[in-house]
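Computed from a prediction, not measured in an experiment: that's the story for all the values here. Letters A, B, ... are given to chains in the order of the sequence lines, protein chains preceding strands, and every chain is numbered from 1.
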Number of protein chains: 4
Amino acid sequence: MRTDARRNREELLRAARALFVERGADVALEAVAQRAGVSIATLYRNFPDRSALVRAIVLEGIGSMDRAARRARDGLAEDPAGAWRTFVETAAGLQAGVLMPMLVPMLPDLATDPELRRARDAVVDAVRDLVAAAQRRGQVRSDVAADEILLLIMAIARPLPALPQEHVPEFIDRALAVAVAGLRPGSGPALPGRPVAMRVPGEECADRPGE
Amino acid sequence: MRTDARRNREELLRAARALFVERGADVALEAVAQRAGVSIATLYRNFPDRSALVRAIVLEGIGSMDRAARRARDGLAEDPAGAWRTFVETAAGLQAGVLMPMLVPMLPDLATDPELRRARDAVVDAVRDLVAAAQRRGQVRSDVAADEILLLIMAIARPLPALPQEHVPEFIDRALAVAVAGLRPGSGPALPGRPVAMRVPGEECADRPGE
Amino acid sequence: MRTDARRNREELLRAARALFVERGADVALEAVAQRAGVSIATLYRNFPDRSALVRAIVLEGIGSMDRAARRARDGLAEDPAGAWRTFVETAAGLQAGVLMPMLVPMLPDLATDPELRRARDAVVDAVRDLVAAAQRRGQVRSDVAADEILLLIMAIARPLPALPQEHVPEFIDRALAVAVAGLRPGSGPALPGRPVAMRVPGEECADRPGE
Amino acid sequence: MRTDARRNREELLRAARALFVERGADVALEAVAQRAGVSIATLYRNFPDRSALVRAIVLEGIGSMDRAARRARDGLAEDPAGAWRTFVETAAGLQAGVLMPMLVPMLPDLATDPELRRARDAVVDAVRDLVAAAQRRGQVRSDVAADEILLLIMAIARPLPALPQEHVPEFIDRALAVAVAGLRPGSGPALPGRPVAMRVPGEECADRPGE
DNA sequence: GATGAATGAGTGTTCATTCAT
DNA sequence: GATGAATGAACACTCATTCAT
């Protein structure tokens, strides 16, 4: 029975991740359960709340992104261009990476979640480390901040309704190549304005009144 | 009272545009009405349908984008870099331009609307013209398609939940600068794969089943 | 101006009568105004209330039925069968006759209306007179009450959704012929039970709770 | 809990049938749910649509009418008058039989439903058989069509607002007795015009524009 | 542990009625 | 006197969530 239960949980996560990406974060939970092949009540047994489901997905995604950043930083010494490029692609490929910023601010309850907080701080640190190293190695222009790179990756990797599903991966590849080129030192004039930072969940949630 | 009515209509459009951008095209219409300072029934008097509201916004946006593309093409002779950069920024600044592809495929009723169809074809042609001219003038690498540039602009200009509202314009400026740099000829290795085209509304709507 | 106003009132009544018959007594008042070629506000100037509109139609119909009953009674001496048959057909032809029972119980406010009360009493008396005379003349079996005859006519003349519009008059003619035949003295065994009376508006309205 | 659910479904059907008869097919579904003692959402769980509810009632009713017609035809040999009279009364007593023609043309979705179509064709055939047999046995005049008899029964059995609820059964009995008498061979002069047919659902729905 | 069923609260949409011009 | 516009309240339908089995 333990095995079945674990399988259910996995299926639910997989289904939720896919549907969140495909149809946005407000899919009917019933649709998630159906895609996972279980009843809606089973979903609720595993995740007492929509929040809980989102939380699990976000944690997973943060973990993967964290590992990718550390791996890339360690690889920079041997193959700077390759390691950097690989990181960008891996980050974009992580649906969870895409989902994280989409989902986190949506859920005020999660803002105070200490585990989430810790994981988030870790991944942000890891990416900052990596970007700093990449800048030292000449892969990345120095007037851009780590957060901005993450934001750009996420902007590109998020699904655009105008883009047919079957072309999504190809478009993401090509757009990321443009971004990586534009992020090279000397690829253009200095960026306007000052670096921008991501929202820290739990702080500025009040600026979306009525939501 | 004719004046008041027109003001209401304007307010409704403004509110809808803002909310569609901020929260996606499925905001509660009640929220739109509230933001415009009128009752929900007044919204329905002006726009008999959610479709009608979206349609009005999309048409507006398509028109603005069309004008921007024509203006830019005419300006390329005098100041290639400036005209191109201005177009990119104007396009990104047009929330409506951003909304067009976001909204059109979302509403099957609009797919067959002939006026919308015509306006869309016109803007796509105008942008293709512009991009071809910009490529001849050396502003844009030649292995990228016009559609992809629009998609990239849209990806960047769409609000990311992880980005605090007050930093949105600054981030968009900076990310676009990166994109424009990456789009320069010679800014990096050839793009992988083949150019990607936008969805033509009314054709592939079936690939988002259940939505 | 007085002329225009009167014309508006007439048009409104005509439109309301037609639409009540065609689509039931709960048509949108806006549809009535539109059919009459005036604005909804004009309808409300003429009839402060849905009740007022119904009241006017009912009064008109009652008057016509009253005249038909008196005319028939006076004609019985000369041509009993013809006068009786003509009354039945005239009553069925009066949309007002059809509408009266449909509309009256629907409007508790009208129950206490003295003018309506008076008109109603008059028409009931006239029909009772007529039926009594017809029974004396051998046109109508004696175990049936005047109210029942009115009810039967109304039941037959009311539009049945299953009957295509274009066959309505023919069906009514044929069904009334069956009814007239069945109402002849000696056409069949005695009727079961005891005669039934129509609802007197304002008395038993409480038996349709929740409406 | 399977038991409770079935009970709910039954209650919903019972409530809907009663309310459709009493107040027409456009009652608030909320009222149906309330009468059945369940929440509106439960109604929707059982019947995804107003159509589905109507469909269930209509199918039930068609089935009962079909059985009554077959039984009556088989009984004609032994007791022609009794079997015929019993059929007429049973048909009138079947609120569902009454509802069938009332409801079907009202819902375009149902017009093309094949199961409904088949059931309808079956009952119409059965009634035509029965009427033909009754005409051969001398119970029914030969210048009337089966459809017209059904229409007449329905016209009589539908509730008239002018008739107090408690007198409805008695009135129906008496009016049907009049009708049966009028339908006897030789009960009166030939019917005017030509026989009329019921609307075949799905064909002439267009003649009620705007409804 | 898993399920089908039930529900309260929300959203889209319509309509009777009122008001400012 | 006539109108277009505005509104509150109703109704259809959906969904997150809870409960009894």
Original post:
So how far is it from B:R9 CZ to B:L53 CG, rounded to the nearest 0.5 Å?
Top reply: 9.0 Å

Original post:
Side-chain N or O of A:N8 less than 4.0 angstrom from OP1 or OP2 on E:dG1?
Top reply: no

**OP:** Report the distance from atom CZ of C:R7 to atom P of F:dG1, rounded to the nearest whole Å.
**Re:** 18 Å

Subject >> From E:dA5, F:dT7, E:dT14, nucleotide with atom closest to B:Y44 side chain >> reply: E:dT14

Original post:
With sugar-phosphate meaning primed atoms plus P, OP1 and OP2, does B:A28 contact a base, only sugar-phosphate, or nothing at under 4.0 Å between heavy atoms?
Top reply: sugar-phosphate

Subject >> Interatomic distance, C:D49 atom CG to C:Y44 atom OH [nearest 0.5 angstrom] >> reply: 7.0 Å

Original post:
Of B:I40 and A:V27, whose closest DNA chain F nucleotide lies nearer the 5' terminus?
Top reply: B:I40

Original post:
Roughly, in whole Å, what's the span from CG in C:L53 to C1' in E:dT17?
Top reply: 14 Å

Original post:
Dot-bracket for DNA chain F: what is it, with Watson-Crick or G-U pairs under 3.5 Å, [ ] where a pair crosses earlier ones, and | for a pair to another strand?
Top reply: .||||||||||||||||||||

Original post:
Is it true that D:E11 and D:R35 make a salt bridge, defined as a side-chain N closer than 4.0 Å to a carboxylate O?
Top reply: no

Original post:
Which nucleotide, F:dA6, E:dG4, F:dT17, lies nearest any side-chain atom of B:T42?
Top reply: F:dA6

Original post:
To the nearest angstrom, how far is B:R9 atom CZ from F:dA6 atom P?
Top reply: 12 Å

**OP:** Could you say whether B:P48 or D:R45 is positioned toward the 5' end of DNA chain E, judged by the nucleotide with the nearest heavy atom to each?
**Re:** D:R45

Subject >> Between P of E:dT17 and CZ of C:F47, the distance in whole Å >> reply: 14 Å

**OP:** Could you check how far CD of D:Q34 sits from P of E:dA6, rounded to whole Å?
**Re:** 17 Å

Original post:
Is any side-chain heavy atom of D:R55 closer than 4.5 Å to a side-chain heavy atom of D:F47?
Top reply: no

**OP:** Please tell me which of the listed nucleotides, E:dT18, E:dT7, E:dG4, lies nearest to the side chain of A:S39?
**Re:** E:dG4

**OP:** Taking all non-hydrogen atoms of both residues into account, name the closest pair between D:L43 and D:A33 and its distance.
**Re:** CD1-N, 4.0 Å

Original post:
How long is the span from the CG atom in A:L116 to the CD1 atom in A:I62, to the nearest 0.5 Å?
Top reply: 5.0 Å

Original post:
B:D26 CG to F:dC15 P: how many Å, rounded?
Top reply: 12 Å

Subject >> Value in whole Å for how far the C1' atom of E:dC15 lies from CZ of C:R50 >> reply: 9 Å

Subject >> Over 12 foreign heavy atoms within 6.0 Å of CD, A:E30 >> reply: no

**OP:** Can you tell me the distance, in whole Å, between the CG atom of B:D4 and the P atom of E:dT18?
**Re:** 21 Å

Original post:
When you match A:N46 and B:E30 each to their closest nucleotide on DNA chain E, which lands nearer the 5' end?
Top reply: A:N46

